[in-house]
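The figures that follow rest on heavy atoms only: side chains count, while hydrogens, waters and symmetry mates do not. Residue numbers start from 1 in every chain, and the chains themselves are labelled A, B, ... in the order their sequence lines are given, proteins ahead of strands.
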Amino acid sequence: MLTAYAENGHISKARQVFDEMPHRNIASWNAMITAYIRNGLRVNEAFELFCRMPERNSISHAAMITGFAQAGMMGEAWGLFSEMSEADREPVVANTIIVGCFKIGELEEAKRVFDGMRRRDVVSWSSMVDGYCKSGRIDEAKELFERMPERNVVSWTTLINGLLKFGAWAEGFVLLSRMRKETSIEVNSITLTAILDTCASLNRGEGIQVHGLVVSMGFESDAFLGNSIINMYCRAGCVNSARRMFDMMIKKNVVSWNTLLAGYIQNSSLEKAYALFSRVPHKDVVSWTTMIAGLSNNGRLEEAISLFREMEQKDDIAWTAIISGFVSNGDYERAFTWFIDMACEAIKPNSVTLSSVVCAAAGLANLNQGEQIHALVVKTEKEPDLSILNSLVSMYAKCGNIWDAYRIFTSIIEPNIVSMNSMITAFSQHGHVEEALELFRHMQEKGHEPNQVTFLGVLTACAHAGLVEEGKYHFASMKSSYFIEPGPDHYACMVDILGRAGQLKDAVDLIHSMPCEPHLGVWGALLSASRTHKDLYLAKVAAQHILDLEPNNATAYVVLSNMYADAKLTCNEEEVITVERAKRAAKIPGCSWIVV
DNA sequence: CTAGGGTTAG
């Protein structure tokens, strides 16, 4: 009766039976202790019984040690372990101790127990391999694995998974094929899940082969595996293959639908996503938020909002999808309105919500709002996400408080590339060129790989200080040292740098050499350089390109007319019309060498 | 009575 209740998880019933028992033997005490440990790891209640037992055997000890070890209470586990004889504790109880040691990071202790064992089984070895993998000590894991006297599917899976999670995926795949070639041990669904997961995040071609393996092993009816395959294809950009898998699956669940839905959205097939969404049989929050976020992130905010209104239980993620949509559309005011509505509905903002509204405050350059959100962050987040801290850095910088930005930056224990970029950009926007370049040097020394955003900050700094040679150097090193193709913004910066220094010819040549289409910023930089150096001819060319891109661009007209005025020419309507005409005539003199 | 894992949304 007691064990029947215990096995079904009815602990209080089991305890009732136990308490009412007229005669208890060791087995009934042990059963009750085991029940407490297996159901919710209630170590204290188990230990209380353990202490009250009139006599104990090795099973009592083993059960209690398992409880302590799984709860990470290794001191207590050790105490009982030392009371057991060699014969009773090996290998099972010792294995438990090994796992417990790894759990609390006591690698040396685990090794000592393992080395001291007289009888090791395959579990002892596999536990050691797993412990080393999870502690990042891959070499030791591999060495132990090679020394194993026998291996089973768990041993192989442990190391394969360990290698893949460690990032040594090539080695992981080699081990998988070795397993299949050298042994008759068959992979199971656990092995395959780990591999598919890795393939999905790495966009590895092996995913397709693993799919074949899943089918040939007869696992295609496993919904978990099927969903992983859908995910793998979606992440690799093969939505059609994902769709085929989806259609083939007999046991679809809501995750299968959601995964394919997300796949369509990530591969920008919004219409197909919409069609699929309408057919999802039992839509859950994820189905709704996936669709809402998909629309919102693709600038279709109004549709996203109307879907949001249809949603019954709106969670924080749904709200955040809309709010971040406003932020990326530059509609910061509405982002705030919605943020307040969210608070009124008593939905707690999460870290993405918070970093979005910090960005909104930055976009509005509204220090007051920014500080309020900052206070909220301090109040609600014990350890604010890096994304929040990074956006706070940008926010303070954009609101003019460069030293508050710096204070936040220095408080970040492990800054990432985004943190570095935010701070470099902040310095550079504020004209603190030395600091910006110093930070750039510092991050390179620390081994952080700069990206295109970093270089934009660096080039902006150079432009600010008129550092022509340094600017040229960094611009060149982008491609030669870091294999980053400069984008239009980088070119605009370089045109600015060259233009300010009066090297107009070089600036024009640079535009001519651009592999991408020059955008407004590039021509704007050229125009302002032409104005500074009073090159009316070049100014006209630049202005014309600006007006091609943006026919109502007032700046272009204003700059041109000022230059005419300075040159003691009249910039009347007629002159503007002339420019217009020239544009329509399609051939501006000199235009041919600028056209890309 | 011990060892390997788990898919989707911001």
Would you call [X] and [Y] a salt bridge, taking side-chain N to carboxylate O under 4.0 Å as the test?
X	Y	result
Glu146(A)	Arg178(A)	yes
Arg334(A)	Asp331(A)	yes
Lys111(A)	Glu108(A)	no

Gap between atoms [atom1] and [atom2], on [X] and [N] respectively (whole Å):
X	N	atom1	atom2	value
Asn227(A)	dT8(B)	CG	C1'	8 Å
Asn231(A)	dA9(B)	CG	C1'	12 Å
Met232(A)	dT8(B)	CE	P	13 Å
Leu260(A)	dT7(B)	CG	P	18 Å

Would you say dT8(B) has OP1 or OP2 under 4.0 Å from some side-chain N or O of Gln266(A)?
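No, Gln266(A) has no side-chain N/O under 4.0 Å of OP1/OP2 on dT8(B).
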
Does Asn258(A) make a side-chain N or O approach to OP1 or OP2 of dA9(B) shorter than 4.0 Å?
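Answer no for this pair, as no side-chain N or O of Asn258(A) is under 4.0 Å from OP1 or OP2.
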
Within the 4.5 Å heavy-atom criterion, are Met84(A) and Val93(A) side-chain neighbours or not?
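In short, these two side chains touch, coming nearer than 4.5 Å.
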
For the student: nearest non-hydrogen atoms of Leu175(A) and Leu163(A), plus distance
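Of all heavy-atom pairs spanning Leu175(A) and Leu163(A), the closest is CD2-CD1, 3.9 Å.
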
Flag this pair as yes if the NZ/CZ of Arg56(A) is under 6.0 angstrom from the six-membered ring centre of Trp29(A) and inside a 45 degree cone about the axis; otherwise no.
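Geometry flag: not set, cation outside 6.0 Å or 45°.
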
Regarding Arg89(A), tell me which of base, sugar-phosphate or nothing describes its non-hydrogen contacts under 4.0 Å with the strands shown.
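The residue Arg89(A) makes no contact with any strand.
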
At under 4.0 Å between heavy atoms, how does the protein contact nucleotides 1-6 of chain B? Give one character per nucleotide, 5' to 3', with B, S or -.
BBBBBB

